[in-house]
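Worksheet: one structure, shown below.
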Amino acid sequence: MSSLNTVVVISRDMVLTSIMDRILKDSYRVVDFSNMQSSLDYIYNSIPDMLIIDIGTDTDDFTVNIVNELKGDPIFGQLPVLAIFDDRFVIQDWDSLLVDDYLRKSCLEMELLTKVGLCMHRAERTIEVNPLTRLPGNIAIIKQIQKRLDAGDIFALAYADLDYFKPYNDRYGFSRGDEVLKMLGRLILNIVKGKQPHGSFVGHIGGDDFVFIMDSGYIEDASREILDNFNKIIPTFYDAEDRVRGFIESVDREGNKRTFPLIGISIGAVHNKIRKFSHYGEIAEVASEMKKYAKCTGGGCFRVDKRQHEFAH
Amino acid sequence: MDIQALRSQIEKIDTLPTIPSVLRKLLVVIENPGISLNEVGSFISNDPVLTSRVLKVVNSPVYGFPGRISSVSQALILLGLNVVKGMLLGVSVFEAMQKTMVGLWEHSLGCAITARIIAKKKDLKEPEEVSVAALLHDIGKVVLGLKFPDEYKKIMAEAETKDIFIFDAEKNYFGINHADAGAWIAQKWNFPYRLVEVIEYHHKPHLSKNVTMQTAIVHLSDILVRIKGFGFAGDNFVPAINNAAWQMLDLSEADLKDIIKEMEDSLSQAEDFLLSDE
């Protein structure tokens with residue numbers, strides 16, 4: 001039964017607790033605590049999927065403070081919290097109670113199960129995003145990969161990053177660099193979703209590092225299409241004279257003046273059809289290894305983990 | 001009217017209507033669930049208003065790279081099929097001046113086709129960009145005709161009775177011509193300067209600074225399409241070829257013959273697209 005999501009219920013009211021237990025017990029693993037203090041050790045150690053707190057009528061300062069601190073912590077901020085209010089309770093200021101939703105006691109029977117389901121679903125949907133591209137960020141990417149590994153899914157994972165991006169930033173400044181990243185995010189998203197509308201995933205790790213996940217049959221085509229289109233579009237992000245010349249002058253890491261080609265993409269891909277991975281770190285490592293092999297002199301490159309292909313034949 | 005007031009009125013325009021035959025075909029395109037991005041792209045590339053709509057969205061600050069994209073196919077890949085389809089759902093048609101506009105659509109598409117032919121002849125890196133610029137070069141006429149339909153009818157009548165060019169008649173009435181109006185809206189919609197400049201200087205190609213060759217190509221296309229009698233650009237004259245542009249293009253008589261020959265086939269296809277209903 002470990003696959004059931006865990007709901008922590010905090011209430012001093014034993015009757016209320018037993019009603020909630022009865023409603024939720026078939027769908028969730030319910031853990032009851034009579035007050036906030038006693039629940040903390042459990043919450044910190046096992047991070048439940050949801051918290052239900054009986055606020056009643058008095059917003060008991062101590063309980064509310066702990067809830068607010070919990071929601072303020074980036075690790076627990078995602079944890080959905082549902083407040084239970086007495087029927088006549090009116091909240092003055094939502095800033096003083098950082099919860100995600102509320103339910104009145106008289107509605108428990110009718111609404112609790114549905115409300116809990118929606119709260120969890122919403123928490124899953126509102127993932128953290130990269131502010132630049134609005135694509136899912138690092139935590140969401142790790143979660144996504146691990147979820148697929150845990151479920152035993154067969155999939156392909158690709159890492160993409162840019163070559164000669166630093167000299168571009170040095171030459172034109174960061175805001176021009178951001179334009180390139182936004183374009184690339186859009187390009188990867190549309191090509192991946194266009195090839196495989198369902199079950200694919202695109203994330204932005206940060207900087208010029210992107211990730212996409214597809215069924216392994218699509219990854220090669222999609223990668224090539226990303227490369228081709230990027231190479232077609234990128235010249236328009238250069239000033240006219242640089243575009244005509246086909247290179248820019250900038251300073252390398254040692255501080256020497258030299259010329260650099262236009263930005264290209266390197267994509268490395270891996271799949272778990274033959275080789276098995278159990279942890280996201282392992283599969284991510286192979287993908288980024290492939291990406292390093294893919295690094296080449298301008299124009300962009302794509303590389304799949306060949307060792308698996310050799311196994312396959 | 002004061003020119004600043006005119007400009008701010010034109011800049012308030014958010015969307016332009018298309019012609020009825022395109023709208024009818026458009027609905028078929030949108031409702032086809034199996035249609036590919038390429039098919040939608042080549043459809044959009046036939047219509048100046050649909051093209052400008054797509055470029056306006058992809059170059060808007062929302063996507064974060066304004067003023068960069070001048071190609072329809074690139075715009076579509078960056079927007080995605082769903083966004084494009086949703087955007088096309090809102091397209092409307094001209095209520096007034098339909099006949100004039102159909103003629104203008106033919107002229108615009110004819111220029112786009114011709115400009116692509118010349119751009120290839122001149123080995124330009126981006127023939128699609130020149131073709132888009134040619135398709136949009138008279139967008140100012142669409143703008144003026146939409147915003148001031150009654151006035152524009154008078155202007156066209158004046159061009160005819162006084163035997164003057166439409167851009168002179170426009171200038172007499174508004175103090176500006178369609179090239180100015182087109183450049184204003186293209187600038188307002190964050191189109192790349194390479195498009196804005198061609199639109200602004202297609203009648204004065206010697207003034208273009210950054211895209212002289214592209215402007216010269218569109219200038220010549222405009223003239224060749226008029227010579228062919230394809231479509232209707234607002235008046236019945238063929239303006240003289242600008243000398244600087246002609247020098248720059250450096251086309252031999254044989255080149256010109258090739259270009260005109262290639263135009264023949266392509267133009268009849270264009271006519272089919274705009275006038276047929278399937």
Side-chain angles (χ1 to χ4, degrees), chain A residues 129-135 162 168 172-198 200 202 204 208 212 221-246 262-263 265, chain B residues 33-41 54-55 57-87 122-130 132-133 190-198 208-215:
Chain A
V129 295
N130 182 292
L132 196 64
T133 55
R134 309 230 158 233
L135 290 169
L162 298 177
Y168 181 93
Y172 293 120
F174 284 107
S175 78
R176 289 276 292 270
D178 285 351
E179 289 186 358
V180 174
L181 297 177
K182 287 182 208 166
M183 181 272 281
L184 177 59
R186 222 33 227 182
L187 189 67
I188 296 178
L189 181 72
N190 284 328
I191 288 174
V192 168
K193 291 287 170 192
K195 283 236 173 301
Q196 189 193 335
H198 302 291
S200 58
V202 178
H204 184 180
D208 62 331
F212 52 100
D221 266 6
S223 299
R224 291 198 193 291
E225 210 171 295
I226 291 166
L227 282 180
D228 285 353
N229 281 289
F230 185 84
N231 290 341
K232 274 186 210 149
I233 297 172
I234 196 65
T236 66
F237 286 72
Y238 286 79
D239 288 352
E241 66 268 28
D242 291 337
R243 186 170 52 236
V244 171
R245 275 190 302 201
L262 301 193
I263 302 174
I265 318 182
Chain B
I35 199 150
S36 74
L37 209 52
N38 280 339
E39 290 168 300
V40 178
V54 165
L55 293 180
V57 175
V58 79
N59 285 303
S60 79
V62 175
Y63 289 89
F65 36 87
R68 295 277 165 221
I69 306 301
S70 59
S71 133
V72 172
S73 57
Q74 290 173 7
L76 293 205
I77 222 148
L78 292 168
L79 292 173
L81 191 55
N82 290 338
V83 170
V84 173
K85 277 188 171 180
M87 191 171 68
K122 295 305 297 175
D123 265 338
L124 254 67
K125 263 191 184 166
E126 298 290 344
E128 190 189 345
E129 185 176 273
V130 186
V132 168
N190 296 309
F191 287 6
Y193 69 89
R194 301 187 300 280
L195 297 180
V196 178
E197 229 183 272
V198 176
S208 165
K209 286 192 188 71
N210 303 297
V211 283
T212 44
M213 180 57 96
Q214 287 92 323
T215 311

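In what follows, chains are A, B, ... by sequence order, proteins preceding strands, each numbered from 1.
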Contact part of [X] toward chain A, heavy-atom cut-off under 4.5 Å: side chain, backbone, both or neither?
X: B/Leu78; answer: both
X: B/Val58; answer: neither
X: B/Ile69; answer: side chain

Shortest non-hydrogen separation from [X] to [Y] and the atoms involved:
X: A/Arg186; Y: B/Val83; answer: NH2-CG2, 4.0 Å
X: B/Ile77; Y: A/Glu225; answer: CD1-OE2, 4.4 Å
X: B/Arg194; Y: A/Thr236; answer: NH2-CG2, 3.6 Å

Inter-residue atom distance B/Arg68.CZ - A/Arg176.CZ, 0.5 Å rounding: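 With rounding to 0.5 Å, CZ (B/Arg68) is 4.0 Å from CZ (A/Arg176).
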OG of B/Ser71 to NZ of A/Lys232: how many Å apart, nearest 0.5 Å?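 B/Ser71 atom OG to A/Lys232 atom NZ measures 8.5 Å (nearest 0.5 Å).
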Heavy-atom pairs under 4.5 Å with chain B: which of A/Leu189, A/Leu187, A/Ile233 has the most?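 Winner by heavy-atom pair count: A/Ile233.
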Please check if atom CZ in A/Arg134 has more than 12 non-hydrogen atoms from other residues, nucleotides or ligands closer than 6.0 Å.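 Open: at most 12 neighbouring heavy atoms sit under 6.0 Å from CZ of A/Arg134.
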Residues of residues 178-185 of chain A with any heavy atom under 4.5 Å of a heavy atom in chain B: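 The list, in residue order, reads A/Glu179, A/Lys182, A/Met183.
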Please flag which part of A/Ile191 lies under 4.5 Å from any non-hydrogen atom of chain B: side chain, backbone, both or neither.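 Answer is side chain: those atoms of A/Ile191 sit under 4.5 Å from chain B.
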Options B/Gly80, B/Gly64, B/Gly67, ranked by heavy-atom pairs under 4.5 Å with chain A, top entry: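 Ranked by heavy-atom pairs under 4.5 Å with chain A, first place is B/Gly64.
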